[in-house]
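Presented below is the structure to which this report refers.
Nothing here was measured: the structure is a model prediction, and the numbers come from that model.
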Amino acid sequence: FNEKKLVAFLDIGQGTSVLFKNKKNVFLYDTGKFSGLTIREIDKNLPFYNKKIDILFLSHSDKDHYLAAFEILKRYKVRVIGVSIKESNDFDYLKLLNLAKEKKIPILLFKRGSQVFDNHFNFLVLHPEKIYEKENDNSLVIKVKGKNSFLLTGDIEKKAIQSLIKCCFDLLKADYFLVPHHGSRYSLDEKFYSFIQPKISIIQVGKNFYGHPHKEVIEVLKNFGKIWRTDLQKTLIVKE
């Protein structure tokens with residue numbers, strides 16, 4: 001708890017959740033699916049008296065990215081929720097947004113060019129710039145700069161990746177790369193990785209039926225620095 005500033009890629013089973021904390025503010029990118037695991041990991045990294053999350057970013061409406069948010073809204077004072085411009089018809093996701101409205105939490109739509117910053121972190125939204133056919137391709141992709149740089153990619157697949165390479169290749173470089181879609185081969189793109197040049201590629205993954213992370217993704221990522229898997233190495237904490 002003495003760590004005033006940190007970024008934590010949480011070990012929460014099959015799902016995505018990344019916590020950003022500095023002296024003043026707390027940001028969360030996705031919540032994962034299993035609220036017990038997510039709350040436990042957040043509580044390890046926030047002092048017990050800190051019960052607020054300034055911005056909760058929800059990358060898209062897949063349950064392994066947002067479902068634990070119900071419990072988070074109960075336990076924490078969430079000040080703002082940031083979502084992708086794509087409207088979802090996922091039942092639980094809509095229920096979650098309704099709950100946020102009941103609690104009078106503003107919901108902001110983020111798209112390419114949106115920016116949020118405080119005195120330490122700068123969040124720049126690189127994607128989406130329009131609405132894509134595939135839900136995964138509408139994931140919020142955020143480049144975060146603190147002392148280190150981070151690229152958060154949700155579940156983006158081919159179309160989104162191509163768009164990112166075209167629009168933003170010069171902004172992709174990052175020390176810490178959250179590998180899209182839990183290491184799925186459908187998000188594998190060597191050219192994309194080569195623009196990022198990650199020091200560490202993080203795969204947030206747990207037991208799953210899909211075979212994530214796929215072997216071919218691991219093989220390619222090996223050429224770009226270290227790989228960190230939350231199912232094997234647990235939560236990764238980056239001191240800021």
Side-chain angles (χ1 to χ4, degrees), residues 5-10 16-22 25-31 53-60 65-66 80-86 108-132 136-183 187-204 217 221 224-228 236-240:
K5 298 175 187 167
L6 63 78
V7 177
F9 292 83
L10 304 177
T16 294
S17 189
V18 188
L19 179 73
F20 293 81
K21 159 188 175 244
N22 61 33
N25 298 317
V26 176
F27 305 93
L28 191 64
Y29 176 86
D30 283 342
T31 68
I53 291 170
D54 293 277
I55 301 183
L56 169 59
F57 296 98
L58 298 176
S59 66
H60 66 306
H65 290 256
Y66 79 82
V80 174
I81 294 177
V83 299
S84 170
I85 49 175
K86 163 77 164 60
L108 301 183
L109 299 185
F110 284 121
K111 63 176 184 181
R112 181 174 296 160
S114 304
Q115 209 170 161
V116 173
F117 49 90
D118 68 2
N119 53 6
H120 184 78
F121 291 114
N122 184 357
F123 296 81
L124 175 62
V125 178
L126 302 182
H127 187 84
E129 84 294 5
K130 62 172 193 187
I131 289 170
Y132 288 78
N136 284 345
D137 280 327
N138 292 299
S139 298
L140 281 182
V141 175
I142 305 182
K143 168 79 175 282
V144 189
K145 275 178 135 155
K147 205 174 70 183
N148 298 282
S149 56
F150 305 85
L151 187 67
L152 311 175
T153 58
D155 280 349
I156 53 170
E157 294 181 21
K158 295 282 181 272
K159 285 257 186 340
I161 288 171
Q162 283 161 6
S163 168
L164 279 163
I165 289 173
K166 220 156 103 186
C167 82
C168 311
F169 65 90
D170 54 338
L171 293 170
L172 294 175
K173 194 173 186 314
D175 303 313
Y176 295 87
F177 168 40
L178 180 61
V179 178
H181 207 173
H182 322 287
S187 306
L188 173 57
D189 190 310
E190 203 161 340
K191 191 175 171 192
F192 183 51
Y193 297 168
S194 71
F195 284 121
I196 299 166
Q197 294 174 19
K199 287 181 196 157
I200 299 189
S201 299
I202 299 103
I203 299 174
Q204 283 192 307
V217 175
L221 281 170
F224 293 95
K226 294 196 179 97
I227 297 172
W228 184 288
L236 171 63
I237 292 180
V238 182
K239 291 176 183 173
E240 273 284 300

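Taking the centre of each ring, Phe117 and Phe123 stay at or above the 6.0 Å mark. Aromatic rings of His65 and His182 (six-membered ring for Trp) have centroids within the 6.0 Å cut-off, being under it.
Asn122 has its side chain out of reach of Val144: every pair of non-hydrogen atoms, C-beta onward, lies at least 4.5 Å apart. Put simply, the side chain of Asn25 does not reach to within 4.5 Å of the side chain of Phe121, judged on heavy atoms. Between Leu58 and Ile81 the shortest side-chain heavy-atom distance falls below 4.5 Å. Two residues are said to be in side-chain contact when any heavy atoms from C-beta on lie closer than 4.5 Å; Leu126 and Leu172 meet this criterion. Val141 has its side chain out of reach of Val125: every pair of non-hydrogen atoms, C-beta onward, lies at least 4.5 Å apart. Contact of the Lys5 side chain with the Lys239 side chain is not registered, since no non-hydrogen atoms from C-beta on lie closer than 4.5 Å. Annotation: side chain of Leu124 is in contact with side chain of Leu171 (closest heavy-atom distance under 4.5 Å). Considering only heavy atoms from C-beta on, Trp228 stays 4.5 Å or farther from Phe9 through its side chain.
One N or O on the side chain of Thr31 and one on the backbone of Tyr66 form a donor-acceptor pair closer than 3.5 Å. Remark: the backbone N or O of Ile156 is paired with a side-chain donor or acceptor of Ser187 at under 3.5 angstrom. Listed for the Asp175 side chain is a donor-acceptor partner under 3.5 Å among the backbone atoms of Ser149. Checking side-chain atoms of Lys86 against main-chain N and O of His60 turns up no donor-acceptor pair under 3.5 Å. A donor-acceptor distance shorter than 3.5 angstrom exists from the side chain of Asp54 to the backbone of Val26, with no hydrogens or angles considered. In terms of modelled atom types and a separation under 3.5 Å, the side chain of Gln204 and the main chain of Leu10 share a donor-acceptor contact.
Atom CD1 of Ile227 and atom CG of Leu221 lie 5.0 Å apart (nearest 0.5 Å). Distance CD1/Ile161 to CZ/Phe192: 5.5 Å, rounded to 0.5 Å. Going from atom CG of Leu236 over to atom CG of Leu178 covers 10.5 Å, rounded to the nearest 0.5 Å. One distance of note links CZ of Arg112 with NZ of Lys130; it measures 9.5 Å at 0.5 Å rounding. The distance from the CZ atom of Phe195 to the CG atom of Leu164 is 11.0 Å, given to the nearest 0.5 Å. Going from atom OH of Tyr29 over to atom CG of Leu140 covers 6.0 Å, rounded to the nearest 0.5 Å.
Legend: residues meeting side chain to side chain donor-acceptor pair (under 3.5 Å) with Tyr132, ordered by chain and number and at least two apart, are Glu129, Ser163.
In this model, no donor atom of one side chain and acceptor atom of the other lie less than 3.5 Å apart for Ser17 and Asp30. Between the side chains of Asn148 and Glu240, at least one donor-acceptor pair of N or O atoms lies under 3.5 Å.
Of all heavy-atom pairs between Pro128 and Ser139, the closest is CD-O, 3.8 Å.
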Practice item. Report the C-alpha separation of Asn138 and Ile85 in whole Å, then their side-chain angles, then the decisive distance to 0.1 Å, and conclude whether the side-chain contact (heavy atoms from CB on, under 4.5 Å) test is met. Key: CA-CA 8 Å; Asn138 292 299; Ile85 49 175; 5.9 Å; no
Exercise for review: Go through the steps to decide whether Glu190 and Phe224 satisfy the test side-chain contact (heavy atoms from CB on, under 4.5 Å), and finish with yes or no.
Suggested key: CA-CA 10 Å; Glu190 203 161 340; Phe224 293 95; 4.2 Å; yes
Point to revise | side-chain contact (heavy atoms from CB on, under 4.5 Å) between Asn22 and Asp118, worked out | key: CA-CA 9 Å; Asn22 61 33; Asp118 68 2; 2.7 Å; yes
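For residues 155-173, the set of pairs meeting the salt bridge (Lys or Arg N to Asp or Glu O under 4.0 Å) definition, not counting sequence neighbours, comprises Lys134-Glu157. Residues in residues 148-167 take part in these ring pair (Phe, Tyr, Trp, His ring centres under 6.0 Å) pairs, two or more places apart or across chains: Phe20-Phe150, Phe150-Tyr176.
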